[in-house]
Structure formats: structure tokens, C-alpha cells
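To start, the structure itself, in C-alpha cells.
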Amino acid sequence: MNGRLEGRKVVVLLAEGFEDLEFWVTVMRLREEGADVTIAGPTTDAVRGKHGLEARADVSVDGVSADAVDAVVVPGGWAPDTLRRSAAVIDLVHAAHERGRIVGLICHGGLVGISAGIVKGSRATGSLGIKDDLVNAGAAWVDEPAFRDGNIVWGRVVEDIPDFCRELVAAIEDASR
């Protein structure tokens, strides 16, 4: 039996201090649906999540092209603050958004969206800790677990991972039709 995302290519971004569950549950859920998931980061060295789980990027983010993916996902934690400092990450997220690819942002992942210049004019959610950042970047704050606004899928916090994953899977499936 094929999953709903069979043949879809998804890049999940990774850096030190990632939110363990937002990263691993999302990766597992996408793979469960048959997506070809590639983990990309500023380094391919092993990194640890906020709660101690280890992960390793398959590839360096500077080798990923927005033209070769259906979606880019940015889990939260402390990692987005590192990721947003990478020109390759910002270029990838911006280019993916401009090409109409799905961009998934959960919790602090919205910081990368801000730096990529893709949140202005959109409804947005995430950790309450980045509410002011999102509003100052021109987004309209919405306190909801998860939703889609254009080609951005937003998720609020760890407790909202199931809702985020449902929205993300549906958005990737719909965009590929």
C-alpha cells in the first residue's frame, strides 16, 4: 500500500538544540505517509536536541535546491536561531516559498520564516515567545494549534504536533495534485 505522500520529496532542517519531538515525530509521520525525507543542516555532524536525542543531517543544506523538493519543514526548539543565521537556509526557505512549495513552521520555526522574509501578510502561530517577532515582521498572530495559510503550514507548540502533521501531510498532498 502506498502512502499519501509517495514520491514527494521533503527536506526537514536540523541544527543543534532542535525540539526533539517536533523533529522526530514530524520526520516519522512524513515517512509513514511515504515521503522521501531528507534531513539537511549547516553540518552533517551529529547534533543533540533540547532533550538529548541525537540526529544527523543526511546532507548539507547548501546542497539542497528548492526546485528539487515539494516541501521544507523547520521544527522548533533552539535550532531555528542557529538556522536563521545560515544564508543557505534562508535562501532555501525563501526560494521554496516563492516557487509555491509547502513550508512547514512549528513553534520557534517561524523565526526562520521571518528571516527568509516570507511571513509578512500571512496569519501565523508558534511559540508565544516569538509572537512579537512575527507581528513585528508583518504577520497576523493567531492562537490556534495548526493551520495552513497559502503555502505555509503553521504549528503552535509540541502539544500541537498531531494537528501540525495532519495539516502538513494534507498540504503536501494537495500541492502535488
Note, Val64 side chain near Val69 side chain (heavy atom, < 4.5 Å):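 A side-chain contact under 4.5 Å exists here.
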
Validation row: Arg56, Val47 side chains within 4.5 angstrom (heavy atoms):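 Heavy-atom side-chain distance check fails, nothing below 4.5 Å.
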
Pair Val153-Leu105, side chain to side chain contact (heavy atoms under 4.5 Å, CB included): steps then yes or no: CA-CA 6 Å; Val153 175; Leu105 304 170; over 6 Å; no

With hydrophobic residues grouped by side-chain heavy-atom distances under 4.5 Å, do [X] and [Y] end up in a single group?
X      : Y      : value
Val93  : Trp78  : no
Leu128 : Ile106 : no
Val12  : Val158 : yes
Val142 : Val157 : no

Please list all pairs meeting side chain to side chain donor-acceptor pair (under 3.5 Å) that have one or both residues in residues 94-104, counting only residues at least two apart or in different chains.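 Every pair satisfying side chain to side chain donor-acceptor pair (under 3.5 Å) with a residue in residues 94-104: Asp67-Arg99, His97-Asn151.
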
How far does [atom1] of [X] sit from [atom2] of [Y], to the nearest 0.5 angstrom?
X      : Y      : atom1 : atom2 : result
Trp141 : Leu134 : CH2   : CG    : 6.5 Å
Cys107 : Asp160 : SG    : CG    : 9.0 Å
Leu168 : Ile161 : CG    : CD1   : 12.0 Å
Arg8   : Glu173 : CZ    : CD    : 7.0 Å
Ile90  : Ile114 : CD1   : CD1   : 10.0 Å
Leu83  : Glu16  : CG    : CD    : 11.0 Å

Of the non-hydrogen atoms in [X] and [Y], which two are nearest, and what is the gap between them?
X      : Y      : value
Gly113 : Val119 : C-CG1, 3.6 Å
Gly76  : Glu22  : N-OE1, 2.9 Å
Ile152 : Ser122 : CD1-OG, 4.5 Å
Val74  : Pro80  : CG1-CG, 4.5 Å
Ala40  : Val61  : CB-CA, 4.0 Å
Thr125 : Gly155 : CG2-C, 3.7 Å

Short question: side chain of [X], backbone of [Y] - any donor-acceptor pair under 3.5 Å?
X      : Y      : value
Ser127 : Gly129 : yes
Asp174 : Ala171 : no
Trp154 : Arg123 : yes
Glu167 : Phe147 : no
Thr44  : Asp58  : no

Please enumerate all residues that pass side-chain contact (heavy atoms from CB on, under 4.5 Å) together with [X], with sequence neighbours excluded.
X     : answer
Ala71 : Val10, Ile102, Ile172
Asp91 : none
Asp20 : Phe18, Lys50, His51, Leu53
Glu54 : Ala46, Arg48

Quick one: salt bridge (charged side-chain N to carboxylate O under 4.0 Å, His left out) pairs with a partner in [range], sequence neighbours left out?
range            : value
residues 124-136 : none
residues 111-120 : none
residues 30-39   : Lys9-Asp36, Arg29-Glu32, Arg29-Glu33

Check step by step if side chain to side chain contact (heavy atoms under 4.5 Å, CB included) holds for Leu13 and Val72. CA-CA 7 Å; Leu13 299 178; Val72 177; 4.1 Å; yes

May I have the step-by-step check of side chain to side chain contact (heavy atoms under 4.5 Å, CB included) for Val27 and Ile39, ending in yes or no? CA-CA 9 Å; Val27 167; Ile39 311 305; 3.8 Å; yes

Listed by chain and number, what are the side chain to side chain donor-acceptor pair (under 3.5 Å) partners of [X], not counting sequence neighbours?
X      : result
Asp143 : Arg156
Ser60  : Asp62
Ser115 : Arg84
Arg85  : Asp81

Side chain to side chain contact (heavy atoms under 4.5 Å, CB included) for Val73 and Thr26? Distances and angles first, verdict last. CA-CA 9 Å; Val73 180; Thr26 303; 4.1 Å; yes

